[in-house]
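All values derive from a computational prediction rather than experimental measurement.
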Amino acid sequence: MVSLTGDMSPLHPDRNLALELVRATEAASIRAVPFIGRGAKEEADGAAVDAMRAFLTTVNFDGTIVIGEGEKDNAPMLFNGEGVGNGRGPQCDVAVDPIDGTSLTAAGRNNALSVIAVADRGSMLDASSVFYMDKLVTGPAGVGVVDIRLPIGENIRRLAEALDKPVDEMVVSVLHRPRHEKLIEEIRAAGAGTRLMSDGDVAGGINAARHNARTDMCVGVGGSPEGIVTACAIKALGGHIQGRLWPRDDDEKQKGIDAGLKLEGHVYEADDLVKGKNTIFVATGVTDGQLVAGVRREGGYVYTESVVLRGASGTLRRISSEHLTSKWL
């Protein structure tokens, strides 16, 4: 078995894999362009899925999708358990989200991304049977300082002290959902400000972990697949992430138990979500956001911006590309 770690010799550095994966997220983002702001959520997602899958077949790795577009019966492409890549190279777990923020794309709002995360085979938590996860994400200052089991006000005060920052300058990202009304009240009661996100769970977590971002913490219940994807990026940023699975009903709770997942408030730490540091996270902007710029068409060219985060080296690289419009749209 060839792992990502095993592929890190001078002859076969895994950064080559990271750069190959960028081609797939670029393709998905570009193919979504005709649907930005058109109210066509399903069409945008379908075009992105088709483009990402086509490029993944050419990538030199033996990947198995752990987090995809759903079970095989409901998703003919990029489904959970599907094999991707050309079958050669490292054996990997793969998480894909051709568009994280399909509603954002359909509405023409900020922070929609195309995302792929990769780690060694068997290292990603398969939490697909429980759709939601309660998460807490911060940058490196939060490691050993905050804890999802503590009240949000206490975590804000602890992180503010670690950052040497007044509490009233702290900003916390939260998905704008009815389930978070009490959480939002508690954040504001603690003296911090909120940044309410309509969607874009992955971007929200990563932005909270970056040292030069405008938010300090990302909290609340979002997708469990997005939690695993975010964890791959947090490994590269040296940040903090914890999660607790949040079943919606007794049926989903039983499915989680049958799948061997730990419920009843069990806290999954970063290494429980994704084992080790040998992770790769790539994302290309679909619409403009804090993390990356969205796809831009100008004359005969299409411009994209992407980020590549590698856990093994702790690096974040930005890739700006220009593509001939005639080849794509």
Side-chain angles (χ1 to χ4, degrees), residues 16-36 40-72 74-90 92-106 111-119 124 128 199-203 206 223 225-226 228-230 232-233 279-287 289 291-295 302-309 319 321 323 327-329:
N16 287 351
L17 174 57
L19 295 177
E20 283 192 74
L21 293 172
V22 169
R23 295 166 57 238
T25 55
E26 286 177 344
S29 295
I30 292 171
R31 291 297 192 192
V33 166
F35 306 101
I36 295 174
K41 183 168 75 169
E42 290 78 13
E43 290 85 347
D45 193 47
V49 168
D50 290 346
M52 179 175 283
R53 189 175 190 275
F55 272 80
L56 282 177
T57 61
T58 70
V59 175
N60 189 43
F61 75 139
D62 179 8
T64 299
I65 294 181
V66 176
I67 297 166
E69 289 288 283
E71 299 301 324
K72 184 175 182 178
N74 299 320
M77 294 184 178
L78 296 178
F79 55 84
N80 297 347
E82 180 178 356
V84 291
N86 62 15
R88 300 187 296 273
C92 305
D93 283 352
V94 183
V96 299
D97 199 342
I99 302 181
D100 175 44
T102 52
S103 296
L104 298 174
T105 302
N111 288 320
L113 301 171
S114 179
V115 173
I116 297 174
V118 170
M124 286 187 188
S128 56
D199 281 289
D201 206 5
V202 174
I206 295 172
E226 287 83 353
I228 310 303
V229 171
T230 303
C232 290
T279 61
I280 296 171
F281 172 94
V282 300
T284 301
V286 178
T287 59
L291 185 61
V292 283
V295 181
V302 176
Y303 299 90
T304 58
E305 185 179 22
S306 306
V307 289
V308 176
L309 293 92
I319 298 175
S321 305
H323 317 259
K327 301 287 186 180
W328 289 95
L329 301 172

Can you label the angle between the W328 ring and the F55 ring as parallel, tilted or perpendicular, going by 30° and 60°? parallel
Under the side-chain contact (heavy atoms from CB on, under 4.5 Å) criterion, do E20 and N60 qualify, and how do the steps go? CA-CA 8 Å; E20 283 192 74; N60 189 43; 3.8 Å; yes
Work out which heavy atom in A32 is nearest to a heavy atom in A44; give both atom names and the distance. CB-O, 4.4 Å
Euclidean distance, I30 CD1 relative to S321 OG, rounded to 0.5 Å: 8.0 Å
Using side-chain contact (heavy atoms from CB on, under 4.5 Å), reason through M52 and R31 one step at a time and then give a plain yes or no. CA-CA 9 Å; M52 179 175 283; R31 291 297 192 192; over 6 Å; no
Any donor-acceptor N/O pair, D100 side chain to L113 backbone, under 3.5 Å: no
Once you round to the nearest 0.5 Å, how far does CG of L17 lie from CD1 of I280? 4.0 Å
Under 3.5 Å: donor-acceptor pair, side chain of E226, backbone of V202: no
Looking at every heavy atom in both V282 and A18, which two are closest together, and how far apart are they? CG1-O, 3.7 Å
Under 3.5 Å donor-acceptor pairs involving side-chain atoms of residues 92-99, not counting sequence neighbours:
unit_1 : atom_1 : unit_2 : atom_2 : d
D93    : OD1    : G122   : N      : 3.1
D93    : OD2    : G122   : N      : 3.0
D93    : OD2    : S123   : N      : 3.0
D93    : OD2    : M124   : N      : 3.0

Only one of V308, I116, V115, T230 passes side chain to side chain contact (heavy atoms under 4.5 Å, CB included) with F281; say which it is. V115
Could you grab the distance from atom CG of L78 to atom CD1 of I67, nearest 0.5 Å is fine? 13.0 Å
Quick one: CG on L56 to CZ on R23, what's the gap to the nearest 0.5 Å? 9.5 Å
How far apart are the C-alpha atoms of V307 and L291, what are their side-chain angles, what is the distance that settles it, and do they pass the side-chain contact (heavy atoms from CB on, under 4.5 Å) test? CA-CA 8 Å; V307 289; L291 185 61; 4.3 Å; yes
Please give me the minimum heavy-atom distance between N80 and S128, naming the atom from each residue. ND2-CB, 3.7 Å
Could you walk me through whether V118 and T279 pass the side-chain contact (heavy atoms from CB on, under 4.5 Å) check? CA-CA 6 Å; V118 170; T279 61; over 6 Å; no
If the condition is salt bridge (Lys or Arg N to Asp or Glu O under 4.0 Å), which residues does D201 pass it with, not counting sequence neighbours? K135
Working to the nearest 0.5 angstrom, can you tell me the gap between N111 CG and D199 CG? 10.0 Å
Could you tell me if the side chain of D62 sits less than 4.5 Å from the side chain of R88, heavy atoms only? no
Between the side chain of T58 and the main-chain N/O of A54, is any donor-acceptor distance below 3.5 Å? no
Mind checking whether F61 and N86 have side chains closer than 4.5 Å, heavy atoms only? no
In this structure, NZ of K41 is separated from OG1 of T102 (nearest 0.5 Å) by 4.5 Å
Under 3.5 Å, is there a donor-acceptor pair between the T284 and E305 side chains? no
Side chain proximity check, V295 to V302, heavy atoms < 4.5 angstrom: yes
H323 versus T304: any side-chain heavy-atom pair under 4.5 Å? yes
